**Q** 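Dropping the structure in here first, questions after.
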Amino acid sequence: MPNDIILNIILRLSVKSLLRFKCVCKSWRSLIEDPQFIKHHYDMSKSDVNHHKIFLTGGICDNMDNYFYSVDAPLQYDSIVSVLETPIPGINTLSRVSFISSSSNGIILIVFPYDLIILWNPATGESRKIPSPIPKKKKLERRQFPALYGFGYVSSMDDYKIVRVGGKDSSHGHFEIELFSTKSNAWKLLGKFPPNNFYFERGIVTIDGIVYMIEMADLSRNINRSTILSFCLKNEQFQDVLFPDQIQKFQDPILYVLGENFCLTRMHDLGRRDFEVWHMIKDGSMNNIWSKILTIPSMHCGRCLRPVSLMKINGYIMLLKHKGDFEVYNSNGEQTEIVEVPGLESSLFFNCIVPYVESLFSPK
């Protein structure tokens, strides 16, 4: 069979099959491990829904073990559920996962308590432990320091970068901004936020090499300002992204990535707790265009709604509600379907959910 036909067939195979086919012969192994082939395979996989997955972590109430799942996307009644081995043996005994990033090239950043940081490709099972940014002396104190992590790939540098915004002591002092490069395998300090003025919470997401986070005003100091901060992993610079004027007074804002869309959710509290999803379109300036794509009336929702996926065909949105209930809503905020996936135990509380595309990229 001609080599170009073999290449076209192999490019369409799953990661699991390709890992097995590396054992067929030396030429196939060399091809499958070639960086250009890996990139080409990933680019094709992004347009093939059969290679799209959803990564979930969950646990049973009062049980501190982590359970890791990979589920076929989009979530349906016949979606295949795979239970994944932990990235490091015995790691699930440490405690629940503290943070999981959005995916970059099929690689996910997972942070466990005490700043144990892991880069993991759930499709290949490869993982890489990242040096802790916490000094060894402070780590011996077994304290947990508040921090947010962002993760992304800078294609022009062929480098994965991790940004950390958080403290390193138990006092309410400066929040430090640090950056880790997988190429240099080292952290560097970029700067500090003023003490006591602001704090960061409600999620951090990465899209197109830009890390977004919400900077919340410290109301105890009568500072009435909150904004979305963007951090460019390539230029290593911060920039403000303004909230839409309509939601300057908001409740519980949280950032999400839906497919290739940057979204914000909030609870609209004007006598009722409506749930809203807003979508931001970049226009190259500070005045980004925001549009509301969904409102769910308070009678249909609680505080635990989390967007899972945006269905491009009909514009419907799938949301995770509380304990493993996946619900689909149309653009009018009407529930159209409840999806139960066999293999996802109803007793599980899902604390993290990340869509990703299977890839051969190595975190190492």
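Predicted, not measured: the structure shown is a model, and the values here were computed from it. The figures that follow rest on heavy atoms only: side chains count, while hydrogens, waters and symmetry mates do not.
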**Q** So which heavy atom on Leu56 is nearest to which on Ile54, and how close?
**A** CD1-O, 3.7 Å

**Q** Answer whether the closest heavy-atom distance between the side chains of Thr86 and Phe68 falls below 4.5 Å.
**A**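 Answer yes - side chains close enough.
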
**Q** To the closest 0.5 Å, what do you measure between CD (Glu126) and CG (Leu360)?
**A**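 Taking CD in Glu126 and CG in Leu360, the distance rounds to 9.5 Å.
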
**Q** Taking all non-hydrogen atoms of both residues into account, name the closest pair between Pro355 and Ser103 and its distance.
**A**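 Here Pro355 and Ser103 meet closest at O-CB, 3.7 Å.
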
**Q** Is it true that the side chains of Asp159 and Ser181 contain a donor and an acceptor less than 3.5 Å apart?
**A**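 A donor-acceptor contact under 3.5 Å links the two side chains.
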
**Q** Give the minimum heavy-atom separation between Asn121 and Ala123, together with the two atoms involved.
**A**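 Looks like OD1-N, 2.9 Å.
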
**Q** So do the side chains of Leu179 and Leu233 get within less than 4.5 Å of each other, counting heavy atoms only?
**A** yes

**Q** Under the side-chain contact (heavy atoms from CB on, under 4.5 Å) criterion, do Ile117 and Lys129 qualify, and how do the steps go?
**A** CA-CA 6 Å; Ile117 307 165; Lys129 185 177 178 181; over 6 Å; no

**Q** Hey, can you tell me if Phe361 and Tyr42 have their rings parallel, tilted or perpendicular (30° and 60° cut-offs)?
**A** perpendicular

**Q** Taking atom NZ as the centre, does Lys22 end up with more than 12 heavy-atom neighbours from other residues, nucleotides or ligands that are less than 6.0 angstrom away?
**A**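 Yes.
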
**Q** Treating Asn105 as the side-chain partner and Ser359 as the backbone partner, does any N or O pair qualify as donor plus acceptor under 3.5 Å?
**A** no

**Q** Between Val49 and Met44, is there a shared hydrophobic cluster once you connect ILVMFWY residues whose side-chain heavy atoms come closer than 4.5 Å?
**A**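 No, Val49 and Met44 fall in different hydrophobic clusters.
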
**Q** Are Met213 and Leu189 co-members of a hydrophobic cluster defined by side-chain heavy atoms under 4.5 Å apart?
**A** no

**Q** Quick one: are Asp48 and Glu358 in side-chain contact, heavy atoms under 4.5 Å?
**A**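 Of all side-chain heavy-atom pairs linking Glu358 with Asp48, none is under 4.5 Å.
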
**Q** Please table the atom pairs, donor to acceptor, closer than 3.5 Å between any side-chain atom in residues 2-12 and protein atoms at least two apart or in another chain.
**A**
from  : atom 1 : to   : atom 2 : distance (Å)
Asn8  : ND2    : Asp4 : O      : 3.3
Arg12 : NH1    : Asn8 : O      : 2.7

**Q** Could you give the distance from CD1 (Ile130) to OG1 (Thr182), rounded to the nearest 0.5 Å?
**A**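 Answer rounded to 0.5 Å: 7.5 Å.
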
**Q** Between Lys161 and Val211, is there a side-chain heavy-atom distance shorter than 4.5 Å?
**A**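 They are not in side-chain contact.
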
**Q** Evaluate side-chain contact (heavy atoms from CB on, under 4.5 Å) for Glu236 paired with Phe231, printing each intermediate quantity in order.
**A** CA-CA 7 Å; Glu236 301 180 2; Phe231 178 78; 4.1 Å; yes

**Q** Could you walk me through whether Thr57 and Tyr69 pass side-chain contact (heavy atoms from CB on, under 4.5 Å), step by step?
**A** CA-CA 6 Å; Thr57 67; Tyr69 297 89; over 6 Å; no

**Q** Once you round to the nearest 0.5 Å, how far does CG of Leu229 lie from OH of Tyr212?
**A** 11.5 Å

**Q** How long is the gap from OG on Ser104 to CG on Asp208, to the nearest 0.5 Å?
**A** 10.0 Å

**Q** How many angstroms lie between OG in Ser362 and CD in Glu33, if you round to the nearest 0.5 Å?
**A**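 Output value for this atom pair is 10.0 Å.
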
**Q** Grouping I, L, V, M, F, W and Y whenever their side-chain heavy atoms are under 4.5 Å apart, do Ile80 and Val15 come out in a common cluster?
**A** no

**Q** So, for Asn185 and Pro131, which heavy atoms are closest and what is the spacing to 0.1 Å?
**A** OD1-CD, 3.8 Å

**Q** Might you point out which heavy atoms bring Val354 and Ser101 nearest each other, and give the distance in Å?
**A**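 Where Val354 meets Ser101 most closely, the heavy atoms are CG2-O, 3.4 Å.
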
**Q** Do Glu178 and Leu190 have side chains that get closer than 4.5 Å, going by heavy atoms?
**A** no

**Q** Are Phe37 and Leu18 close enough, and set up right, to give a side-chain contact (heavy atoms from CB on, under 4.5 Å), and what steps lead you there?
**A** CA-CA 11 Å; Phe37 174 87; Leu18 290 174; 4.2 Å; yes

**Q** Name each donor-acceptor pair under 3.5 Å that joins a side chain in residues 147-155 to protein atoms two or more places apart or in another chain, with its distance.
**A**
from   : atom 1 : to     : atom 2 : distance (Å)
Tyr149 : OH     : Asp115 : OD1    : 2.2
Tyr149 : OH     : Arg164 : NE     : 3.0
Tyr153 : OH     : Asp158 : OD1    : 2.7

**Q** I want to check something: taking the side chain as every heavy atom from C-beta on, are His51 and His41 in contact at a cut-off of under 4.5 Å?
**A**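 Yes, side chains in contact.
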
**Q** Would you call Tyr356 and His52 a side-chain contact if the rule is heavy atoms closer than 4.5 Å?
**A** no

**Q** Using atom types as modelled and distance alone, determine if a side-chain donor or acceptor of Ser70 lies under 3.5 Å from a backbone N or O of Ser82.
**A**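 Looks like no, no N/O pair under 3.5 Å.
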
**Q** Using 0.5 Å steps for rounding, measure from the CH2 atom of Trp120 to the CZ atom of Phe55.
**A** 4.5 Å

**Q** Less than 4.5 Å apart, any side-chain heavy atom of Ile108 and any of Pro122?
**A**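 Answer yes - side chains close enough.
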
